[in-house]
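Along the sequence shown, residues carry numbers from 1.
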Amino acid sequence: MTSSITTTGSTADTTADAVSTTTADDTFVSTYDEVTRVRIEDPGRFARLAAARKRRTVADTDGTMMIIAADHPARGALGVGSRDQAMASRTELLDRMREALAVPGVDGVLGTADILEDLLVMGALEDKVVFASMNRGGLQGGSWEIEDRFTAYDAASIKQAGFDGGKMLTRIDLDDDRTSFILEASANAVTDLARHELIAMVEPFMSSRPGGPGTKVVNDLSPEAVIKSIHIAQGLGATSAFTWLKLPAVEDMERVMDATTMPTLILGGDPVDDDPETIRASWGRALARPNVRGLVVGRTLLYPAGDDVTAAVSASVDMIRSASAG
């Protein structure tokens with residue numbers, strides 16, 4: 001509670017009418033109706049809760065991390081496998097996110113401001129590592145998709161929120177002139193994050209449109225292409241001191257991870273037709289590499305086969321801890 005007293009002239013002129021008392025409510029809410037009410041009546045609560053949030057940093061983890069990702073919707077990517085509208089309901093997504101984040105052993109979350117602030121005001125970011133998504137401008141299916149403009153967080157806002165780093169998607173299409181823009185923008189973001197002593201999580205892909213201009217962007221997941229993307233990504237920015245990589249689990253991960261000394265988190269991707277055991281086996285092979293420091297997984301765990309979020313997340317946590325202990 002803060003009180004302010006306005007005086008005009010001498011102290012004798014001060015009256016009760018000149019005393020203004022404002023009560024700031026910094027409590028969490030439990031329903032989505034209350035989240036909307038905070039957005040209408042007390043939007044400043046988000047910043048206050050962020051400032052007061054109990055933090056966990058990367059240094060507080062056991063050296064590996066389980067991060068739940070939910071930044072796909074901001075790029076217009078709502079599908080999961082054959083379900084093209086799976087992530088269309090925000091309240092359902094938040095339910096699934098909160099369930100996943102409550103699983104013991106889950107270290108943190110990756111998201112855009114809308115999702116992170118919903119989770120923040122509901123208390124779900126307490127004692128979590130938080131990565132903020134930075135470039136969501138490359139809308140899925142857009143003719144400009146490769147450009148991936150930085151439309152979300154910037155380094156200053158990540159620092160102000162007390163989060164741990166920023167993530168950028170950097171797709172490299174050698175036949176698309178807009179690739180030069182995303183490379184320069186990613187390099188600037190890496191440099192800016194480093195100035196703020198924040199992790200710069202770069203997610204690179206060698207990409208193309210095999211069907212020609214205007215068709216679907218496809219990422220090349222061959223070991224050779226991933227190795228090339230690594231070398232391009234780790235050279236971005238004025239320093240690599242704070243650079244981490246976010247990479248797919250592909251064949252020949254020993255050779256792939258020999259391309260870098262950067263700490264790396266393995267992404268989940270879209271499950272499509274792969275069964276859960278096959279997906280987890282590919283993650284397990286990647287986690288065997290010493291510079292792979294965990295998983296950043298969204299759709300595969302939030303919308304798993306069988307729809308049991310807790311079981312899917314718990315199995316992945318157990319795998320990470322086993323790899324770490326080994």
Could you measure the distance from the [atom1] atom of [X] to the [atom2] atom of [Y]? Nearest 0.5 Å is fine.
X	Y	atom1	atom2	value
Lys128	Thr57	NZ	OG1	13.5 Å
Asp148	Leu183	CG	CG	11.0 Å
Glu92	Met97	CD	CE	13.0 Å
Met65	Asp60	CE	CG	11.0 Å
Leu78	Asp84	CG	CG	8.5 Å
Leu236	Asn188	CG	CG	10.0 Å

Notebook entry, point to check: Looking at Thr191, Asn135, Thr170, which one forms a side-chain hydrogen bond (donor to acceptor under 3.5 Å, both in side chains) with Ser186?
Noted result: Thr170
NZ/NE/NH1/NH2 to OD/OE distance under 4.0 Å, [X] and [Y]:
X	Y	answer
Arg48	Asp42	yes
Asp220	Arg171	no
Arg53	Glu126	no
Arg90	Asp114	yes
Asp127	Arg55	no
Arg321	Asp107	yes
Glu145	Arg178	no

For residues [X] and [Y], determine if any side-chain heavy atom of one lies less than 4.5 Å from a side-chain heavy atom of the other.
X	Y	answer
Val38	Val29	yes
Val121	Leu49	yes
Val296	Glu203	no
Phe150	Ile182	yes
Tyr153	Ile158	yes
Met168	Met201	no
Met262	Trp244	no
Val297	Ile67	no

Check: Under the side chain to side chain contact (heavy atoms under 4.5 Å, CB included) criterion, do Leu110 and Ile68 qualify, and how do the steps go?
Finding: CA-CA 6 Å; Leu110 161 68; Ile68 304 297; over 6 Å; no
I need the minimum non-hydrogen distance between [X] and [Y], along with the two atoms involved.
X	Y	result
Leu198	Phe163	CD2-O, 3.5 Å
Val250	Leu221	CG1-O, 3.3 Å
Val103	Ser314	CG1-OG, 3.4 Å
Gly105	Val317	CA-CG1, 3.8 Å
Leu101	Gly108	CD2-O, 3.5 Å
Met319	Arg280	SD-O, 3.2 Å

If you count every heavy atom of other residues, nucleotides or ligands that lies below 6.0 Å from [X] atom [atom1], does the total exceed 12?
X	atom1	answer
Glu224	CD	yes
Glu34	CD	yes
Glu254	CD	no

Check: Any salt bridge (charged side-chain N to carboxylate O under 4.0 Å, His left out) pairs touching residues 190-201, not counting sequence neighbours?
Finding: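 For residues 190-201: none.
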Next item on the list: With sequence neighbours excluded, give me every salt bridge (charged side-chain N to carboxylate O under 4.0 Å, His left out) pair touching residues 301-319.
Entry: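 Listed by first then second residue: Arg96-Asp307.
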Note to self: Holding to side chain to side chain contact (heavy atoms under 4.5 Å, CB included), I want the full list of residues that pass it with Leu139, two or more places apart in sequence or in another chain.
What the structure shows: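 If we apply the side chain to side chain contact (heavy atoms under 4.5 Å, CB included) test to Leu139, skipping adjacent residues, the hits are Trp144.
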Item checked: Which residues share a side chain to side chain contact (heavy atoms under 4.5 Å, CB included) with Ser229, sequence neighbours left out -> Pro204, Met206, Val226
Next item on the list: Verify side chain to side chain contact (heavy atoms under 4.5 Å, CB included) between Glu99 and Thr310, making sure each step is shown before the conclusion.
Entry: CA-CA 7 Å; Glu99 181 179 349; Thr310 296; 2.6 Å; yes
Checklist line | Worked verdict on Asp258 versus Arg255 for salt bridge (charged side-chain N to carboxylate O under 4.0 Å, His left out) | finding: CA-CA 5 Å; Asp258 189 48; Arg255 181 162 64 98; over 6 Å; no
Note to self: Go through it in stages, so that I can follow the logic: the residues are Leu245 and Leu265, the test is side chain to side chain contact (heavy atoms under 4.5 Å, CB included), and I'd like the CA-CA distance, side-chain angles, deciding distance and then a yes or no.
What the structure shows: CA-CA 6 Å; Leu245 299 175; Leu265 298 175; over 6 Å; no
Next item on the list: Could you point out which residue of Ile172, Thr179, Asp175 forms a side-chain contact (heavy atoms from CB on, under 4.5 Å) with Ile146?
Entry: Thr179
Note to self: Going by side chain to side chain donor-acceptor pair (under 3.5 Å), name the pairs with one or both residues in residues 204-216, residues two or more places apart or in two chains.
What the structure shows: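 Matches after skipping sequence neighbours: Ser207-Asn219.
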Next item on the list: Determine, using the 4.5 Å side-chain heavy-atom cutoff (strictly less than), whether Val313 and Met87 are members of one ILVMFWY cluster.
Entry: yes
Checklist line | Check against side-chain hydrogen bond (donor to acceptor under 3.5 Å, both in side chains), Ser240 and Gln234 | finding: CA-CA 7 Å; Ser240 64; Gln234 64 192 357; over 6 Å; no
Note to self: Run the side-chain hydrogen bond (donor to acceptor under 3.5 Å, both in side chains) test against Thr91 and tell me which residues pass, sequence neighbours left out.
What the structure shows: Ser89
Item checked: Chi angles and distances behind the side chain to side chain contact (heavy atoms under 4.5 Å, CB included) call for Ser30, Met122 -> CA-CA 6 Å; Ser30 58; Met122 300 191 87; 5.5 Å; no
Check: Could Arg83 and Tyr303 be counted as a cation-pi pair, given that NZ or CZ must be under 6.0 Å from the ring centre and within 45° of the axis?
Finding: no
Checklist line | Pair Asp25-Thr27, side-chain hydrogen bond (donor to acceptor under 3.5 Å, both in side chains): steps then yes or no | finding: CA-CA 6 Å; Asp25 187 351; Thr27 57; 2.6 Å; yes
